[in-house]
Amino acid sequence: SPLQNIAGETARGLDLSLGYGRQLDSGYLDQQLAISYVDERDRIAFPGADPFVGAGEFDQDVLGAIPQYRGNYRVDFDTGKVEWGYSAQWIGSLSERGGEVTRGTTRKIPSRVYHDLRVTMRTESFGQWTLGVDNALDEDPPFFANADEANTDVATYRLLGRSYWLRWE
């Protein structure tokens with residue numbers, strides 16, 4: 001008998017992206033907003049089987065964390081010699097089923113927002129320098145009782161606390 005894949009997977013959602021830029025007397029202002037909504041994200045092992053968890057839930061073995069809502073916002077103000085920037089990453093809340101440890105229970109995992117700041121200075125002699133701080137408020141990733149050794153979903157949340165960086169071009 002030949003091998004046959006009888007599993008099924010569906011994904012349905014909506015993405016919205018908005019941008020606005022404007023030249024002001026003192027510089028250029030640019031803003032970007034992207035929001036995603038996941039309506040359905042299911043995987044079934046075979047026709048008639050119960051689907052694995054999907055939209056708005058966490059499952060370590062199959063889909064990981066699939067928050068129903070996510071968003072990114074970015075604003076930059078560029079004067080020519082100096083550019084200031086701020087960005088935020090929002091990961092909506094989701095539910096974690098009890099799994100092997102506490103079967104039949106559901107835990108609510110709260111939303112997370114990560115804030116990043118940066119400033120770029122341009123010089124003729126020394127090039128362009130950018131100094132930044134990621135996760136400026138030192139937001140920890142949420143705890144998942146059924147996650148692997150990291151105790152969180154490493155593909156969705158930031159593992160490092162506040163991080164400083166410098167780039168020279």
Q. Could Arg74 and Asp30 be called an ion pair, given the rule that one side-chain N must be under 4.0 Å from one carboxylate O?
A. no
(Q) Keeping Gln128 on the side-chain end and Thr120 on the backbone end, is there a donor-acceptor pair under 3.5 Å? (A) no
Q. Out of curiosity, Phe58 CZ to Ile109 CD1, how far, rounded to the nearest 0.5 Å?
A. 8.5 Å
Q.
Minimum heavy-atom separation for Ala49 and Ile44, please, with both atom names.
A. O-CG2, 3.9 Å
Q | Donor-acceptor contact below 3.5 Å, side chain Arg162 vs main chain Ala136 | A | yes
Q. Rounded to the nearest 0.5 Å, how far apart are CD of Glu9 and CZ of Arg41?
A. 4.5 Å
Q.
Is it the case that the side chain of Arg112 and the backbone of Asp140 share a donor-acceptor pair, with hydrogens and angles ignored and the cut-off at 3.5 Å?
A. yes
**Q.** Least distance between heavy atoms, Thr156 atom then Ala65 atom
**A.** OG1-CB, 3.6 Å
Q) Of all heavy-atom pairs between Gly19 and Gln32, which one has the smallest distance, and what is that distance? A) CA-OE1, 3.7 Å
Q | Same apolar cluster (I L V M F W Y, side chains within < 4.5 Å links), Tyr157/Phe143 | A | no
Q) Can you hop from Tyr86 to Leu29 via hydrophobic side chains spaced under 4.5 Å? A) yes
Q: Give a yes or no on whether Tyr164 and Tyr114 share a hydrophobic cluster (residues Ile, Leu, Val, Met, Phe, Trp, Tyr; joining criterion: side-chain heavy atoms under 4.5 Å apart).
A: no
Q: Using atom types as modelled and distance alone, determine if a side-chain donor or acceptor of Gln68 lies under 3.5 Å from a backbone N or O of Val38.
A: yes
(Q) Is the shortest side-chain heavy-atom distance between Leu14 and Asp39 below 4.5 Å? (A) no
Q. Backbone N or O of Asn135 within a donor-acceptor pair of the Asp116 side chain at under 3.5 Å?
A. yes
Q | Minimal non-hydrogen separation, Pro67 against Ile91, with atom names | A | CG-CG2, 3.7 Å
Q) Between CG of Leu159 and CG of Asn151, what distance do you get to the nearest 0.5 Å? A) 11.0 Å
Q: Mind running side chain to side chain contact (heavy atoms under 4.5 Å, CB included) on Tyr73 and Trp90 for me, showing each step along the way?
A: CA-CA 8 Å; Tyr73 173 73; Trp90 168 56; over 6 Å; no
Q) Which is it for Glu57 and Leu94 under the side chain to side chain contact (heavy atoms under 4.5 Å, CB included) test, yes or no, and what are the steps along the way? A) CA-CA 5 Å; Glu57 297 186 358; Leu94 48 93; 5.7 Å; no
Q: Could you check Leu16 against Tyr37 for side chain to side chain contact (heavy atoms under 4.5 Å, CB included), going step by step and ending with a plain yes or no?
A: CA-CA 9 Å; Leu16 173 68; Tyr37 167 72; over 6 Å; no
(Q) Any side-chain to backbone donor/acceptor pair from Ser36 onto Asp15? Under 3.5 Å, distance only. (A) no
Q. Between Trp168 and Trp129, what is the ring plane arrangement, given parallel below 30°, perpendicular above 60°, and tilted in between?
A. parallel
Q | Sidechain-backbone polar pair: Ser163 side chain, Gly161 backbone, donor-acceptor under 3.5 Å | A | yes
Q: Calculate, to the nearest 0.5 Å, the distance between atoms CZ and OG belonging to Arg107 and Ser95 respectively.
A: 10.0 Å
Q: Taking all non-hydrogen atoms of both residues into account, name the closest pair between Val113 and Ala88 and its distance.
A: CG1-CB, 4.4 Å
Q) Are any of the side-chain heavy atoms of Asp134 and Gln89 separated by less than 4.5 Å? A) no
(Q) To check you understand the geometry: which heavy-atom pair defines the closest contact between Ser93 and Ser111, and what is its length? (A) N-OG, 3.1 Å
Q: For side chain to side chain contact (heavy atoms under 4.5 Å, CB included), just list the numbers for Glu83 and Arg122, CA-CA rounded to whole Å, side-chain angles, deciding distance to a tenth of an Å, and then say yes or no.
A: CA-CA 9 Å; Glu83 180 178 345; Arg122 297 177 187 96; 2.8 Å; yes
Q. Hey, what do you get for CG (Leu131) to CZ (Arg118), rounding to the nearest 0.5 Å?
A. 12.0 Å
Q) OG of Ser87 to CG of Leu117: how many Å apart, nearest 0.5 Å? A) 8.0 Å
